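Encoded as structure tokens, the structure appears first; notes follow it.
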Amino acid sequence: MNKLSILTKGIIKENPTLVLLLGTCPFLATSTSAINGLGMGVSTMAVLACSNIVISILRKTIPDNVRIPCYIVVIAGFVTVVQFLMQAYLPDLNSALGLYIPLIVVNCIILGRAEMFASKNGIIDSALDGIGMGLGFTLALFVMGTIREFLGSGTLFNIPITADLITPMSIFMLAPGGFFVFGMLIAAINYFSKGKAIKKKDFGCSGCALAGTCNKAEKEKGGCDE
Amino acid sequence: MISNLLMIMMTVVLVNNYVLAQFLGICPFLGVSKKLDSAIGMGVAVTFVMVLAAAATWPIQTFLLDRFNVGYLQTVVFILVIASLVQVVEMFLKKYVPSLYNALGVYLPLITTNCAVLGVTILNIDNGYNFIESLFNAFGAGIGFLLAMILFAGVRQKMELADIPGPFQGVPSVLLAASILSLSFMGFSGVVDGIFM
């Protein structure tokens with residue numbers, strides 16, 4: 001696989017949120033406006049790229065049995081760095097995103113990429129993969145944030161567009177609007193890709209780091225959909 | 001005192017429901033809600049771990065991190081405490097309470113990376129709750145999660161039989177159903193204040 005395709009596959013073809021359906025919690029929660037979406041996307045991308053690099057460097061050192069806790073510690077370290085940087089330089093964005101900055105630690109995309117890519121590939125490939133996946137997540141958040149901000153408050157990047165002409169539908173800024181717009185986006189992707197993009201048509205555990213456990217759960221209890 | 005605790009609990013069950021209002025724990029909500037049995041199992045396991053995690057992290061924050069001025073280690077310490085707690089609970093249940101282990105065991109490892117559990121421990125600290133309030137908040141959050149899971153499992157069982165247009169089959173229809181459920185929970189805003197004030 002050449003370097004360019006490693007970088008670009010995360011953006012459209014294997015978009016972590018819209019195609020692989022990972023990281024839905026921060027995706028729904030922080031896409032209330034285009035700015036918030038971009039901020040969350042870029043911070044996740046930074047953590048993803050850095051943790052992919054470090055995990056790739058340590059991939060031969062980390063014992064297989066305790067790899068998940070090791071990955072979590074690396075990721076949590078970078079999340080703390082990002083948290084400090086945001087508190088210092090972007091206090092407004094930090095208070096808007098609030099709880100979801102520390103929760104980057106448990107974002108399935110990051111642990112999933114560590115498990116599926118960084119632990120098996122070289123440093124440069126892992127960095128490119130992290131940046132590509134991060135860009136895909138940022139793009140998805142930006143699109144969703146733009147739609148919700150436009151419908152919910154009639155503005156784009158806080159500049160009024162239709163806010164004075166039509167009463168904005170503030171429900172789109174709230175929780176139900178998040179689920180609704182996400183559902184419509186995936187339906188649109190299904191329609192335009194004629195069902196090719198999302199083959200499984202269900203919430204997949206395949207990209208999740210805990211897929212092995214999940215399969216066990218399914219066999220015993222019907223736990224997961226896959 | 002009692003009414004304050006009940007109010008914290010009811011608020012987090014109905015008004016600030018973790019899944020439907022705050023988008024915490026969406027992955028298990030959408031992934032494990034296909035069958036009622038597994039939805040209940042997951043919900044009970046999450047409630048159990050949430051209360052234990054709140055009980056473990058509150059003293060650590062108050063007596064270790066705050067005391068030695070290392071509050072910035074919160075994220076790293078909390079996630080490690082939750083991960084090891086889940087492991088210990090799993091081993092304990094396997095050895096001493098096998099019946100409970102059979103019911104919840106398979107869900108426990110999945111909970112480590114559930115953002116609702118880490119979320120409830122951080123929110124307890126951010127909201128300045130004391131120890132008892134933290135426990136009630138965590139219990140309420142778990143019950144809210146369980147309630148959302150059970151309701152949604154019922155909705156999804158009905159949806160299995162529905163004839164849904166092509167592009168909406170699967171994920172989109174599930175998300176639209178979640179949207180309607182979330183909309184109905186918005187009706188609770190203000191109700192809790194009215195009861196306890």
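The structure presented is a predicted model; accordingly, all values stated were derived computationally and were not measured. All heavy atoms count here, side chains included; hydrogens, waters and symmetry mates do not. Throughout, a chain's letter reflects where its sequence line sits, starting with A, and its residues are numbered from 1.
Residue Ile171(A) touches chain B through its side chain alone, counting heavy-atom pairs closer than 4.5 Å. In this structure, no portion of Met42(B) lies under 4.5 Å from any heavy atom of chain A. Gln22(B) touches chain A through backbone and side chain together, each having a heavy atom under 4.5 Å away. Residue Ala83(B) does not touch chain A at all, counting heavy-atom pairs closer than 4.5 Å.
The number of heavy-atom neighbours closer than 6.0 Å to CZ of Phe78(A), taken from other residues, nucleotides and ligands shown, is above 12. At most 12 non-hydrogen atoms from other residues, nucleotides or ligands lie less than 6.0 angstrom from CD1 of Ile12(A). Surrounding CZ of Phe131(B) are more than 12 heavy atoms belonging to other residues, nucleotides or ligands, all under 6.0 Å away.
Residues of residues 91-104 of chain A lying under 4.5 angstrom from chain B, judged on non-hydrogen atoms, are Leu99(A), Tyr100(A), Pro102(A), Leu103(A) by number.
In terms of non-hydrogen atom pairs under 4.5 Å with chain B, the most contact-rich of Ala175(A), Ala76(A), Gly77(A) is Ala175(A). Among Ile79(B), Leu73(B), Leu80(B), the residue with the largest count of heavy-atom pairs under 4.5 Å with chain A is Ile79(B). For the options Val19(B), Leu118(B), Leu181(B), heavy-atom pairs under 4.5 Å to chain A are most numerous at Leu118(B).
When atom types are taken as modelled, the side chain of Ser179(B) and the backbone of Pro176(A) share a donor-acceptor pair closer than 3.5 angstrom.
To the nearest 0.5 Å, atoms CZ (Phe179(A)) and CZ (Phe23(B)) are separated by 5.0 Å. We find the CE-CG distance between Met184(A) and Leu175(B) to be 11.5 Å, quoted to the nearest 0.5 Å. In this structure, Phe168(B) CZ and Ile186(A) CD1 are separated by 11.0 Å, a value rounded to the nearest 0.5 Å. Atoms CD1 and SG, on Ile26(B) and Cys108(A) in that order, are 11.0 Å from each other to the nearest 0.5 Å.
Heavy-atom minimum distance, Thr75(B) versus Gln83(A): OG1-OE1, 3.3 Å. Shortest non-hydrogen contact noted between Cys25(A) and Gly25(B) is SG-N, 3.7 Å.
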